[in-house]
Asks: 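Below is a structure I'd like to ask you about.
Numbering starts at 1 and runs along the sequence shown. Quick caveat, the model's predicted, so the values are computed rather than measured.
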Amino acid sequence: MTIHILNYINGEWIPSQNGKTISITNPAHPNEIVGRVQASTASDVLAACDAAEKAAKSWGFLSPTVRAQFLQKAADILEVRKDEIAETATREMGKRFIETKGEVTRAVTILRYYAQEGFRKIGEVLPSAFQDHLLYSLRVPLGVVGIISPWNFPIAIPIWKIAPALIYGNTVVFKPATETGITGAKLVEVFDEAGVPEGVINFVTGKGSEIGHSLVGNPNVDAITFTGSNIVGKTIAQLAVETRKKYQLELGGKNPAIVLEDADLELAAKLVVEGAMKQTGQRCTATSRVYIQSSIYETFKQLVTDELKLFKVGDGLNQDITFGPVASKNQYETVLNYIRLGLEEGATLAYGGEEANQENQADGYFIKPCLFENVTNEMRIAKEEIFGPILCMIKVNSYEEALSQANKTNYGLSASLFTKDLKKSLDFVRNSEVGMVQINGETGGAEPQAPFGGMKESSSGTREQGQAAVEFFTAYKTVSINPN
Ligand code: NAD
């Protein structure tokens with residue numbers, strides 16, 4: 001049976017005002033319709049923002065320890081619904097079931113982490129120059145937060161925005177990526193079941209290009225948190241500035257790994273492949289360039305190729321499968337175009353890169369992991385975010401050359417160095433121009449209690465997750481009380 005998803009506004013599930021819907025298909029079986037979501041209009045967004053505004057005062061006034069109880073309850077419900085929600089996400093965007101289950105587990109941890117934030121300090125008492133005056137600072141809610149999320153982490157990203165928004169006293173209007181609108185609705189159901197008061201969380205689906213700006217520009221919205229592509233992020237930032245809103249952008253990456261001759265090469269090959277190919281390469285933190293010292297180039301290439309050969313491509317709901325489809329027709333065409341472009345630019349295929357349907361006797365958006373060599377930093381495949389299973393190998397003579405080439409990019413999300421040399425490790429921590437550094441780890445490794453975000457064009461300079469989230473989701477109020 002096809003799932004039919006409604007918008008959630010002021011505590012009620014309601015159809016969009018124009019009654020139109022958008023179908024969501026399964027990338028492993030494009031003829032299968034997973035469900036339908038509302039093709040909302042600007043007036044639906046307006047209603048959602050009004051509801052969030054009406055609820056903002058009373059929710060913001062509740063003690064954070066009381067708000068924490070709602071998050072705890074949501075965590076418990078999400079845990080119980082883990083398999084169902086993970087399966088929905090796999091069917092919507094193709095990520096393997098084991099990975100979507102991992103995402104739900106992570107989301108549960110995030111909810112519990114932010115529930116605890118409800119018990120931590122919300123201000124500081126400061127010394128005053130005036131005798132007897134009480135001077136202190138308080139963290140206060142912003143009001144209404146608009147949340148716009150991508151399809152690649154359809155569970156964890158919405159939760160790592162919704163949970164801190166709510167615990168710090170904000171109400172929310174959440175617009176998921178259309179591709180994963182059903183998963184988004186199931187997350188909202190979790191908060192509904194947890195008894196979150198009406199208007200505190202509101203949910204609208206629809207094309208970002210049609211309704212995104214109604215959300216960002218709405219006068220009742222006080223802040224926008226966005227994760228997605230640089231091109232959309234830029235337009236959101238412009239409108240947020242024009243309409244005087246606080247905004248946060250977490251954007252793309254072109255993440256490098258450097259492998260030096262003294263590294264544990266087997267470990268490095270395993271983690272570089274994991275970094276590049278986990279989730280079919282569709283992670284903002286995916287490794288897409290690997291700089292390899294020339295003395296170990298051939299050995300490392302062989303180790304990487306051996307790892308890639310182990311992947312079994314197919315429907316991620318099948319437990320034997322280790323490499324799912326890309327998320328949509330659009331992704332499929334983009335990735336295949338980049339493979340063609342790489343060949344035209346003079347790179348050569350060391351492994352894979354072809355579509356994998358014939359082999360699978362399937363009709364999904366399957367592409368074999370792709371390993372390019374003879375790549376230079378100037379090629380577009382080494383410069384642009386592809387967001388697919390493509391890894392570019394680049395030969396270098398030294399650590400210094402690798403670092404300089406790794407930094408030659410507009411992006412600055414994450415980077416890895418594989419070495420046993422402590423001095424070079426510390427140099428890399430200091431000089432790699434990224435928000436997240438890994439020594440002997442894969443570029444995508446991130447833990448929910450640690451700040452997450454990039455430098456340069458990968459971010460607006462803000463950070464998500466951990467205690468860093470308080471910076472975005474609250475404002476300071478400074479108070480001075482003269483008791484005399
Ligand atoms: P996208 O920018 O196409 O879409 C992201 C969201 O923005 C979706 O909800 C979409 O509907 C909405 N949107 C589209 N046009 C809009 C507009 N004009 N106004 C307002 N909203 C609009 O990105 P995507 O394809 O869903 O996701 C892939 C991108 O996300 C990649 O670039 C990836 O690197 C990035 N990403 C970054 C991080 C991070 O934390 N840095 C994490 C995951 C993904």
Asks: So F311 and F323, would you call those rings parallel, tilted or perpendicular, with 30° and 60° as cut-offs?
Replies: tilted

Asks: Nearest 0.5 angstrom please: F153 CZ to Q279 CD, how far?
Replies: 4.0 Å

Asks: Test of understanding: with side chain to side chain donor-acceptor pair (under 3.5 Å), list the residues that count as partners of S294, not counting sequence neighbours.
Replies: N397

Asks: Using a 3.5 Å distance criterion without hydrogens, assess whether the side chain of N431 forms a donor-acceptor pair with backbone atoms of D427.
Replies: yes

Asks: Verify the neighbour count for atom OH of Y247: are there more than 12 heavy atoms of other residues, nucleotides or ligands below 6.0 Å?
Replies: no

Asks: Do L251 and C284 touch side chain to side chain, with heavy atoms closer than 4.5 Å?
Replies: no

Asks: Please confirm whether the backbone N or O of G253 pairs with a side-chain atom of E385, one donor and one acceptor, at under 3.5 Å?
Replies: yes

Asks: Looking just at side-chain N and O atoms, do T287 and N255 make a donor-acceptor pair shorter than 3.5 Å?
Replies: no

Asks: If only side-chain N and O atoms count, and only distance matters, is there a donor-acceptor pair under 3.5 Å linking Y291 with N377?
Replies: yes

Asks: Whether R340 and E344 form a salt bridge (side-chain N of Lys/Arg under 4.0 Å from carboxylate O of Asp/Glu) is what I want to check.
Replies: no

Asks: Answer yes or no: are there more than 12 heavy-atom neighbours, outside E266 itself, under 6.0 Å from its atom CD?
Replies: no

Asks: When the aromatic ring centroids of Y365 and Y332 are compared, is their separation below 6.0 Å?
Replies: yes

Asks: Measure the NZ-OG distance between K254 and S414 for me, rounded to the nearest 0.5 Å.
Replies: 12.5 Å

Asks: For residues T462 and E471, determine if any side-chain heavy atom of one lies less than 4.5 Å from a side-chain heavy atom of the other.
Replies: no

Asks: When you look at Y168 and V145, which way does the side chain to side chain contact (heavy atoms under 4.5 Å, CB included) test go after all the steps?
Replies: CA-CA 11 Å; Y168 299 129; V145 176; over 6 Å; no

Asks: For the CG atom on L310, are there more than 12 heavy atoms of other groups (residues, nucleotides or ligands in this structure) within a distance under 6.0 Å?
Replies: yes

Asks: Determine, stepwise, if the pair E117 / Q467 fulfils side chain to side chain donor-acceptor pair (under 3.5 Å).
Replies: CA-CA 8 Å; E117 272 294 278; Q467 299 226 324; 2.8 Å; yes

Asks: Excluding sequence neighbours, so at least two apart, what forms side-chain contact (heavy atoms from CB on, under 4.5 Å) with D320?
Replies: K312, N318

Asks: Salt-bridge test for K186 and E84: reply yes if a basic N is under 4.0 Å from a carboxylate O, no otherwise.
Replies: yes

Asks: Can a side-chain donor-acceptor contact be found between Q38 and S16 if the only test is distance below 3.5 angstrom?
Replies: yes

Asks: Have E261 and S295 got a donor and an acceptor in their side chains that come within less than 3.5 Å?
Replies: yes

Asks: State plainly whether the residues K161 and E464 are in salt-bridge range, i.e. N to O under 4.0 Å.
Replies: yes

Asks: Looking only at side chains, do H29 and D363 share a donor and an acceptor under 3.5 Å apart?
Replies: no

Asks: Does the side chain of Y399 pick up a donor-acceptor pair with the side chain of D421 at under 3.5 Å?
Replies: no

Asks: Does any N or O in the side chain of N26 come within less than 3.5 Å of the main-chain N or O of E32, such that one atom is a donor and the other an acceptor?
Replies: no

Asks: For the atom pair OG1 (T409) and NZ (K383), what is the distance rounded to the nearest 0.5 Å?
Replies: 9.5 Å

Asks: Is it true that a side-chain atom of E92 and a backbone atom of T183 form a donor plus acceptor pair closer than 3.5 Å?
Replies: yes

Asks: Keeping the roles fixed (side chain from S460, backbone from L249), state whether a donor-acceptor pair exists under 3.5 Å.
Replies: yes

Asks: To the nearest 0.5 Å, what is the distance between CG (L187) and CD1 (I77)?
Replies: 12.0 Å

Asks: With no hydrogens and no angle check, just 3.5 Å: does a side-chain donor-acceptor pair link Y8 and N202?
Replies: no

Asks: Indicate the atoms forming the closest heavy-atom contact of F472 with K246, along with that distance.
Replies: O-NZ, 2.9 Å

Asks: Please round to the nearest 0.5 Å and tell me the distance separating atom CG of D264 and atom OG1 of T419.
Replies: 11.0 Å

Asks: Side chains of T285 and T443: donor-acceptor distance under 3.5 Å anywhere?
Replies: no

Asks: Find out whether the Lys NZ or Arg CZ of K395 is both under 6.0 angstrom from the six-membered ring centre of Y297 and within 45° of the ring's axis.
Replies: yes

Asks: Would you mind checking if K456 and E433 are paired as a salt bridge, meaning a charged N to carboxylate O distance below 4.0 Å?
Replies: yes

Asks: Could you report the tightest heavy-atom contact between S149 and I157, atom names first, then the distance?
Replies: CB-CG2, 4.1 Å

Asks: With distance as the sole criterion, is a donor-acceptor pair present between the side chains of E179 and S328 under 3.5 Å?
Replies: no

Asks: Show the atom names and distances, to 0.1 Å, of all donor-acceptor pairs under 3.5 Å that link a side chain in residues 101-109 to residues at least two apart or in another chain.
Replies:
residue	atom	partner	partner atom	Å
E103	OE1	K95	NZ	2.3
E103	OE2	I155	N	2.8
E103	OE2	A156	N	2.7
T105	OG1	K82	NZ	3.0
T105	OG1	K101	O	3.1
R106	NH2	Q465	OE1	3.3
T109	OG1	T105	O	3.0

Asks: Go through the structure and list residues passing ring-ring contact (aromatic ring centres under 6.0 Å, His included) with F452, not counting sequence neighbours.
Replies: W160

Asks: Please find the pair of heavy atoms, one from S23 and one from R36, that lie closest to each other, and give the distance.
Replies: OG-NE, 3.4 Å

Asks: Assess the side chains of Q302 and D306: does a donor N or O sit below 3.5 Å from an acceptor N or O?
Replies: yes

Asks: Looking at L267, I'd like to know if its CG atom is crowded, meaning that more than 12 non-hydrogen atoms belonging to other residues, nucleotides or ligands lie closer than 6.0 Å.
Replies: yes

Asks: Taking 4.0 angstrom as the limit, do R283 and E442 come out as a salt bridge?
Replies: yes

Asks: Below 30° counts as parallel, above 60° as perpendicular, anything between as tilted: where do the rings of F387 and W151 land?
Replies: perpendicular

Asks: Taking all heavy atoms of S458 and all of G412, pick out the closest pair and write down the distance.
Replies: OG-N, 2.9 Å

Asks: With the threshold set at 4.0 Å, does a side-chain nitrogen-carboxylate oxygen contact exist between K301 and E373?
Replies: yes

Asks: Can I386 and S288 be said to form a side chain to side chain contact (heavy atoms under 4.5 Å, CB included), step by step?
Replies: CA-CA 8 Å; I386 299 172; S288 59; over 6 Å; no

Asks: For E193, give me all partners under salt bridge (Lys or Arg N to Asp or Glu O under 4.0 Å), at least two apart in sequence or on another chain.
Replies: R81

Asks: For G441, is there any backbone N or O sitting under 3.5 Å from a side-chain donor or acceptor partner on S416?
Replies: yes

Asks: I'd like to check the salt bridge (Lys or Arg N to Asp or Glu O under 4.0 Å) partners of E99; sequence neighbours left out, ordered by chain and number.
Replies: R96

Asks: Is a side-chain N or O of E354 found less than 3.5 angstrom from the main chain of I367, in a donor-acceptor match?
Replies: no

Asks: Taking all atoms of both residues into account, what is the closest heavy-atom pair of G352 and K368, and its distance?
Replies: CA-CB, 4.3 Å

Asks: Quick check against the 3.5 Å criterion: does Y338 have a side-chain atom that pairs as donor or acceptor with the backbone of R380?
Replies: no

Asks: Is the backbone N or O of V434 less than 3.5 Å from a side-chain atom of S432, with the two atoms forming a donor-acceptor pair by type?
Replies: no

Asks: Does a side chain donor of either T25 or N31 reach within less than 3.5 Å of an acceptor in the other side chain?
Replies: no

Asks: Calculate, to the nearest 0.5 Å, the distance between atoms CD1 and NZ belonging to I224 and K175 respectively.
Replies: 11.0 Å

Asks: Between T100 and A86, which heavy-atom pair has the shortest distance, and what is it?
Replies: OG1-O, 3.1 Å

